[in-house]
Number of protein chains: 2
Amino acid sequence: MSNEQASNIRQVAALAGVSTATVTRSLQYPDRVRPETREKVLAAIKQANFVPNAQARSFRLQSNRTVILLVRDIGNPFYLDIYKGVEEVASEAGYKVLMGDARNDAGRVGAHIDMVRQKHADGLILMTGQFPTEILAQPGLLPPIVIASEAVPGIDLPTVKVDNVAASREAVRHLISSGHREIVHVAGLLPESIASERLEGYRQALTEAGIDLREDLVIPGDYSIDAGRAAVRRLIEAGIRFSAIFASSDEMAIGAISELRIHGRVVPKDVSVIGFDDMIFANAYEPPLTTVRQPRREMGRQAMALMIDRLSGNSTPKIIELETELVIRCSVAPHD
Amino acid sequence: MSNEQASNIRQVAALAGVSTATVTRSLQYPDRVRPETREKVLAAIKQANFVPNAQARSFRLQSNRTVILLVRDIGNPFYLDIYKGVEEVASEAGYKVLMGDARNDAGRVGAHIDMVRQKHADGLILMTGQFPTEILAQPGLLPPIVIASEAVPGIDLPTVKVDNVAASREAVRHLISSGHREIVHVAGLLPESIASERLEGYRQALTEAGIDLREDLVIPGDYSIDAGRAAVRRLIEAGIRFSAIFASSDEMAIGAISELRIHGRVVPKDVSVIGFDDMIFANAYEPPLTTVRQPRREMGRQAMALMIDRLSGNSTPKIIELETELVIRCSVAPHD
DNA sequence: TTGAAAGCGCTAACAA
DNA sequence: TTGTTAGCGCTTTCAA
């Protein structure tokens, strides 16, 4: 049998009786080489069990065709579909995708930015609103970054997002048109932009209907199941009345519903609930959850497209806005 | 202000009036350098806005301290906690983690193995039972691989797993002791090892109780919500009687429950259900799901520890077996 | 404690 | 169409 150990391009060249340049060409530009020569090279490669060293290649090319997808919290399945979208267009273009976890921590965002500056990856797709302030101070040192779903104030980067104000307004309107007036908003992490925009949509829908925004009905959360539970617990302990909840994630909606049930209130009979995202389990939940669908896969695709654009030298910071859709299922009932 | 563009170690050396070796030493082995020299170097680094090029470093070191975590299906949140565990011990040891999606496709596993052979990463943590047969034929060419949760027949690799036979047997025993005898098993992807082992546990529990295994009660699935739905639909359409379901994932359990509800059967009153994994939503589901808890985070931690071991030259293929636990909640009721 | 210099594996500019 | 060769940025050996 053949050699077991890592060989290099020089050994292959020697074996095939050609130069290293010809080996490279046989591999990278097959048609710049005579077919017979190519044959010889390929045979030698096989015989030597040669596998090109990607590190050497990246080094030489000063690019490793890798992109980091940095998410707010990797425990949230929301990002799984985003990843799929990113990976689809990345792999078409010969890029790899590394997924990173920011753990809701600006410091870790900084660490990942450094990874790109150190050339561990060519670019960063950022899916968190947190951003290290010290880096904001020196925008000239920023590596290629694309923002997805979120926004970083005070910095102008290619972005793909959703119209959160409109989406949220539509959801709350739906609740209002079902007769609800005491509507809780389990918000995201305020004052970040997603959370603020959705709060704004909530406010707008309320105002349209002549309902005053009550601060005691707005409870921020971190998008987790537990945050939904905690919000309901807090409301009930404080003795606050409400007939509906608009939550800024499906997880929080589900946490809320589960906690309501513990306190003897069933959805939608006693309380109506709308979530956000349309996660895979939303439809399998009991009751099937009315929610705002986000085009996650498409968001991922567009974000990666923007990144490729940026990496190809195009540097106009585009903003792409995608459509959401209110998916009506069974967690909202009329209120009188 | 300082230079904006990428500088290299030579420029820093020149600025500091030292050799490149001294710059490297100041960075990598601070105490092999006189404090004053170090100061000078650090000042120069700052002034030049120098960021070491990780690619060059990896190339030189022939290692990039990166590990690929390749999962069966990245759409499954099961792997999120695994990732967290892997990432925890990886980052402690200075490794990065790249997550890859095998999409239930042996070909894609082969592609990722090639990535490691090409030195895109130092090792591969494999979380799928699929494996390209052509690679099995040349085990000498295998890069560092650790298996987690699954098993690849005919190949001897460091592995961290769970006692699937025992876990599954315990779950089915619980159903039997609640009076159930017509127990469906929504299995995993047969004939892969996880699925076979759990089926074996199911068989053992049945046999102990003097119940014959009926093939029409065993339905394989791919661990997804839809697979759970499909299984129930198939059973009902075929007019097969059953009073309990043991599913090989929480998603399939939930899919099954949701589908049962559509057909007017409520859990646990009409049908009892046990899942597998204890995903985060299992406890927030209605009814809260009785399930087999897998120590996912710990599995990830151990897998990465095994990998570090392997990468440090230790090559005895250890097998680590972790404990599961039957978590009793509300989806099982007595049957008479 | 420091410096000089070789070289990791590959690609591409240039020459033949 | 093919070969020669410089060099990417870093680390490390060897010598001073």
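Order of the sequence lines fixes the chain letters, A, B, ..., with proteins taken first and strands second; residue numbering starts at 1 for each chain. No hydrogens, no waters, no symmetry mates; every other heavy atom, side chains included, goes into these values.
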What contact category does [X] fall into here, base, sugar-phosphate, or nothing, at under 4.0 angstrom with non-hydrogen atoms?
{"X": "A:Thr24", "result": "base"}
{"X": "A:Ser58", "result": "nothing"}
{"X": "B:Val18", "result": "sugar-phosphate"}
{"X": "B:Gln55", "result": "nothing"}
{"X": "A:Val33", "result": "sugar-phosphate"}

Notebook entry, point to check: Should B:Glu87 and B:Arg301 count as an ion pair when the cut-off is N to O under 4.0 Å?
Noted result: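 No, B:Glu87 and B:Arg301 are not salt-bridged.
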Grab the [atom1]-[atom2] distance between [X] and [N] for me, whole Å please.
{"X": "A:Arg57", "N": "D:dC8", "atom1": "CZ", "atom2": "C1'", "value": "14 Å"}
{"X": "B:Asn64", "N": "D:dT11", "atom1": "CG", "atom2": "P", "value": "14 Å"}
{"X": "A:Asp31", "N": "D:dT1", "atom1": "CG", "atom2": "P", "value": "9 Å"}
{"X": "A:Glu36", "N": "D:dT1", "atom1": "CD", "atom2": "P", "value": "10 Å"}
{"X": "A:Asn53", "N": "D:dG9", "atom1": "CG", "atom2": "C1'", "value": "15 Å"}
{"X": "B:Phe59", "N": "D:dG7", "atom1": "CZ", "atom2": "C1'", "value": "11 Å"}
{"X": "B:Gln28", "N": "D:dC10", "atom1": "CD", "atom2": "P", "value": "10 Å"}
{"X": "B:Arg10", "N": "D:dG7", "atom1": "CZ", "atom2": "P", "value": "10 Å"}

Notebook entry, point to check: Under 6.0 Å from the six-membered ring centre of A:Tyr29 and within 45° of its axis: does the NZ or CZ of A:Arg32 meet both?
Noted result: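 Relative to the ring axis of A:Tyr29, which defines the angle, A:Arg32 lies inside both limits.
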Notebook entry, point to check: A:Arg60 or B:Gly17: which one's nearest nucleotide on DNA chain C is closer to the 5' end?
Noted result: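 That would be B:Gly17.
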Note to self: Let me spell it out: for each of B:Gln62 and B:Ala21, pick the nucleotide of DNA chain C with the closest heavy atom. Which residue's pick is nearer the 5' end?
What the structure shows: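 Final value for this comparison: B:Ala21.
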Checklist line | A:Arg25 side-chain N/O to D:dT2 phosphate OP1/OP2 under 4.0 Å | finding: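 For A:Arg25, the contact criterion (side-chain N or O under 4.0 Å from OP1 or OP2 of D:dT2) is not met.
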Next item on the list: For residues A:Thr37 and A:Val18, determine if any side-chain heavy atom of one lies less than 4.5 Å from a side-chain heavy atom of the other.
Entry: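 Sidechains of A:Val18 and A:Thr37: in contact.
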Margin query: Can you give me the closest heavy-atom contact between B:Leu126 and B:Ile145, atom names plus distance?
Written below: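 In terms of heavy atoms, the two residues are closest at CB-CG2, 4.2 Å.
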Next item on the list: Show the numbers, then the answer: is there a salt bridge (charged side-chain N to carboxylate O under 4.0 Å, His left out) between A:Glu192 and A:Arg72?
Entry: CA-CA 12 Å; A:Glu192 286 181 19; A:Arg72 173 187 290 284; 2.3 Å; yes
Check: Choosing from D:dT5, D:dG3, D:dC10, which nucleotide comes nearest the side chain of A:Thr20?
Finding: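 Output: D:dT5.
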Notebook entry, point to check: With a 3.5 Å cut-off and no angle check, do the side chains of A:Arg103 and A:Gln130 form a donor-acceptor pair?
Noted result: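 Judged by distance alone, the side chains do not pair up.
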Check: Any sub-3.5 Å donor-acceptor pair from A:Asp122's side-chain atoms to A:Asn64's backbone N or O?
Finding: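 Yes, the answer is positive, given that a donor and an acceptor are paired below the 3.5 Å cut-off.
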Notebook entry, point to check: Taking any atom under 4.0 angstrom from a heavy atom of chain A, which nucleotides of DNA chain C are the first and last to qualify, 5' to 3'?
Noted result: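 That gives a stretch of C:dC8 to C:dA12.
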